[in-house]
Each structure stands twice: as C-alpha cells, then as structure tokens.
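Everything below concerns the one structure shown next.
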Amino acid sequence: MNSNTHLPPCSILLLAGGRGQRMGGQDKGLLEWRGQPLIAHLQHKTRELSDDLIISCNRNQEKYAPFADQLVQDDIDDFPGPLAGIRAGLAVARHEWLLVLPCDVPQIDANLLDAMRETASQHPEKPLMLRHGEHWEPLLCIIPTALAGDFERAWEEGERSPGRLMRRLGAVALQCPENDQRLANLNTPELLRQYNAESE
C-alpha cells in the first residue's frame, strides 16, 4: 500500500470544500482537466499511500464518495475556509499523520509526496509545509494528528489561517524550487485551459 514502506502510515485529506469563487462558484474538484475531474487526479496520485483517504467537501458528496474512504464537511455553514476542512480531517484521521493537499494541484508527483513524508517523519511533533522561494504553501502540508487539540483551540480563539497557525506551532519547511510546476494551482478557468493546452 505505501510506496515507501519504512515510513509510518498516514491519513490523507484532499480539500475540495471551497466556494470556488475563482471558478465562478463551480465545485472545483469536479471540474475536468485532461479528461478527468481534478479530484480523480489527486486520488490517483495518493491512493496507494493510505488506507484512509478523506475528502473534505461541502456539496456533491455523492460524486466525491467513490474517490474516498471517508467524507467530511465543515461544521458551520457558508464556506468558512480551509482551516475548517483541516480540523474536520484531523478529527477523523485514523493514522498519526495527516497529509493535506488541495484538489487543484494535479501535477504533484510521487517523489514530492515521498519527500514530504520523509521530512515529516524526522520532525514528528511539528507540522510540515512546502515552500517555494519565500512563499509558504499551507495547504500542502503534513500535520501530526496529535496536534488536533491545538488546532481546535486556535479555531475557538478566532484563528482562520492554516499557515499562521502552523508557523506558530513551529512548522518545518520542505523547500521546493521557485515556480515549481508540481505546485501549480489550477484554480481559474484560464489556468485549466492553459495547462490543458500544454498537454496537447
């Protein structure tokens, strides 16, 4: 099941619960790219890494269910942001690590996923986030599930920024090249069309 068997097992959370504002309100994870919904690309990249694949979605649950072992949704209405989805994932995760990915990074690859897990295993008490250049990528992260209580307390205190919270918890950075195409967020119709065209 695990591509790198010496690493501890992880749960995986794919974030597909947003409002899709940059997509005109469409459910981003279900938009097609290279012939498949974005969520299918992420599921294909991560399926063999875990027996606990979780999708955070706030609509179209019946369409997401075939891609996941568990579905979660935000505990408050009106799309409160990605930290709500991460909290929901931490609450149900079955393993000691939660690998978090947004649904709009279909070009992430196995080498980077393995590097994330390797680096996280060396810092078992801290969250890990990707960085490229000086830019943190808080939705491409690994969180020890033992920190679920810290996430809940921060939420109750009004925190809504995953990146700020993880930096406060001593986040470790895994540095990627600047403009790393594996991290490209295909989060607008223009980007979806551009990257589709580049594959033709």
In terms of heavy-atom contacts, Pro177 and Arg182 come closest through CD-NH2, 4.2 Å
Test side chain to side chain contact (heavy atoms under 4.5 Å, CB included) applied to Arg87 and Asp75, step by step | CA-CA 9 Å; Arg87 287 172 52 240; Asp75 57 4; 3.0 Å; yes
Tell me, do Thr119 and Ile142 make a side-chain contact under 4.5 Å, heavy atoms counted?
-> no
Given Ser56, which of Val100, Leu15, Ile86, Leu71 fulfils the side-chain contact (heavy atoms from CB on, under 4.5 Å) condition?
-> Leu15
Is there a donor-acceptor pair closer than 3.5 Å between any side-chain N or O of Asn58 and the backbone N or O of Asp74?
-> yes
Kindly indicate, with the supporting measurements, whether the criterion side chain to side chain contact (heavy atoms under 4.5 Å, CB included) is fulfilled by Cys103 and Leu14.
-> CA-CA 6 Å; Cys103 67; Leu14 304 180; 5.6 Å; no
For the residue pair Ser161 and Leu83, establish whether any side-chain heavy-atom pair is separated by less than 4.5 Å.
-> no
Residues His95, Asp51; criterion side chain to side chain contact (heavy atoms under 4.5 Å, CB included); working and verdict = CA-CA 9 Å; His95 296 301; Asp51 61 359; 2.7 Å; yes
So, for His135 and His132, is the gap between ring centers shorter than 6.0 Å?
-> yes
Side-chain touch Ile12/Ile54, heavy atoms, less than 4.5 angstrom = no
In terms of side-chain geometry, is the basic nitrogen of Asp69 or Arg47 positioned less than 4.0 Å from the acidic oxygen of its partner?
-> yes
In this structure, SG of Cys176 is separated from CD1 of Ile108 (nearest 0.5 Å) by 8.0 Å
Mind checking whether Leu13 and Ile143 have side chains closer than 4.5 Å, heavy atoms only?
-> no
